[in-house]
Amino acid sequence: MSGYEQRVAYLRETIKEISPEDALRMVEEQKALLIDVRDGDEIKQGMPEPAQHLSRSFLEMRIHDVCSEKERPIAILCAGGLRSLFAAESLKNLGYANVYSVMGGYKRWKEASLRSKIPAQLNERDKERYARHLLIPEVGESGQLKLIQSKVLLLGAGGLGSPVAMYLAAAGVGTIGIVDADIVESSNLQRQILHGEDTLGMLKVESAAGAIRRLNSAVKVQPHPVYLDESNVLDILSEYDLVVDGTDNFKTRYLINDACVKLGIPNVHGAVYRFEGYVTTFTTSSSAPCYRCIYPEPPPAEMAPSCAEAGVLGILPGVIGLLQAVEAIKVLLGIGSNLAGKILKYDALHHDFSVLEVEKEEQCLCAKHPDEIEIMPIEPQVCAV
Ligand SMILES: [Zn+2]
């Protein structure tokens with residue numbers, strides 16, 4: 001027996017092998033994880049429908065991201081049932097207690113006519129375009145595909161919406177909706193870099209769509225040149241996976257908050273005033289606070305300056321908008337930690353970043369069942385920063 005044959009014989013004795021049917025049963029009944037460890041090229045023709053792809057070469061490096069519970073059953077599948085033996089041994093050595101190898105691999109899975117899927121793949125153009133994302137394990141090909149399939153709605157194509165739109169488009173977010181009923185004015189150009197002198201007088205959503213198209217023609221832009229109110233907010237927001245709030249008037253913020261809470265859509269919120277900016281993320285987690293947890297009621301009108309009267313350093317919404325874009329990407333990819341329950345405050349005049357903790361309020365609207373949440377009327381105005 002060669003050394004290799006001896007190793008395989010040893011692995012067959014020490015690793016539990018199960019049939020594809022048993023693997024499927026474990027996934028359905030015991031919440032086991034089925035991991036397909038074949039290479040990217042091998043899965044193009046198909047893979048088990050309930051499997052996650054984690055190629056053999058990255059298995060040890062990334063298994064923790066896929067499964068952090070060491071007791072959870074894991075079934076490993078390859079093409080014919082050999083590589084999965086080696087992979088299973090490696091996971092056992094990493095401390096995973098219940099690891100199995102699927103006998104006969106994907107060949108036998110197909111012969112048994114179990115459910116398969118053709119995984120989505122990046123085309124060659126996208127592989128080149130997003131090469132720097134593909135190099136980051138936390139993004140990779142599956143993360144990039146997620147971004148391409150994501151739909152993000154920007155509330156306002158102004159100071160905050162400008163950098164968010166540009167960077168989300170550059171990152172490959174597939175669908176970007178923009179709500180803004182205003183036209184481009186010369187006083188906008190001090191900060192709203194989506195627009196230019198050649199688009200003065202144009203609807204901001206049209207000007208923004210042109211800028212996004214120049215940067216990434218694959219992005220689908222959905223313009224909504226309307227003022228948000230209680231009659232249209234649910235219809236518009238419900239088409240999207242995530243909302244980036246760049247509006248600057250309080251009433252619209254409450255409207256967006258209430259609609260996001262009702263619909264279960266994460267909302268990345270930003271605000272700027274003179275030299276100060278704030279970012280926070282309202283997620284759909286039941287323990288996370290919403291905008292009303294922080295500000296239960298709108299301030300009186302005389303206390304709430306709008307963009308036209310408050311003034312803002314033109315660069316500041318660039319900084320805050322980019323922080324919103326980072327939050328949006330993390331939430332879409334489900335990576336890292338986000339600003340749920342925290343407000344990140346930036347003081348540009350004194351180069352100071354600070355984080356304030358905020359609690360969920362038990363009496364707040366976000367503690368209610370979504371069906372009980374009523375969308376209350378607001379004054380019909382959306383003002384982009
Ligand atoms: Zn709340």
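We count residues from 1, following the sequence as given. None of these values were measured; they are calculated from a predicted model. Every number for a ligand or one of its atoms is a count from 1 in the order of the listing.
- A cation-pi contact, defined as under 6.0 Å to the ring centre and within 45° of the axis, links Arg253 to Phe250.
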Determine, stepwise, if the pair Leu344 / Glu327 fulfils side-chain contact (heavy atoms from CB on, under 4.5 Å).
-> CA-CA 11 Å; Leu344 176 64; Glu327 284 291 292; over 6 Å; no
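- By the side-chain hydrogen bond (donor to acceptor under 3.5 Å, both in side chains) test, Gln144 pairs with His133, sequence neighbours left out.
- Partners of Ser207 by side-chain hydrogen bond (donor to acceptor under 3.5 Å, both in side chains), not counting sequence neighbours, listed by chain and number: His195, Thr199.
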Chi angles and distances behind the side-chain contact (heavy atoms from CB on, under 4.5 Å) call for His53, Ser142 | CA-CA 9 Å; His53 179 235; Ser142 62; over 6 Å; no
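- At a cut-off of 2.8 Å, measuring from the Zn ion (ligand 1), the protein N, O or S atoms that fall short of it are Cys290 SG, Cys293 SG, Cys364 SG, Cys366 SG, waters left aside.
- Pairs passing the salt bridge (charged side-chain N to carboxylate O under 4.0 Å, His left out) check and including a residue from residues 151-162, sequence neighbours excluded, do not occur.
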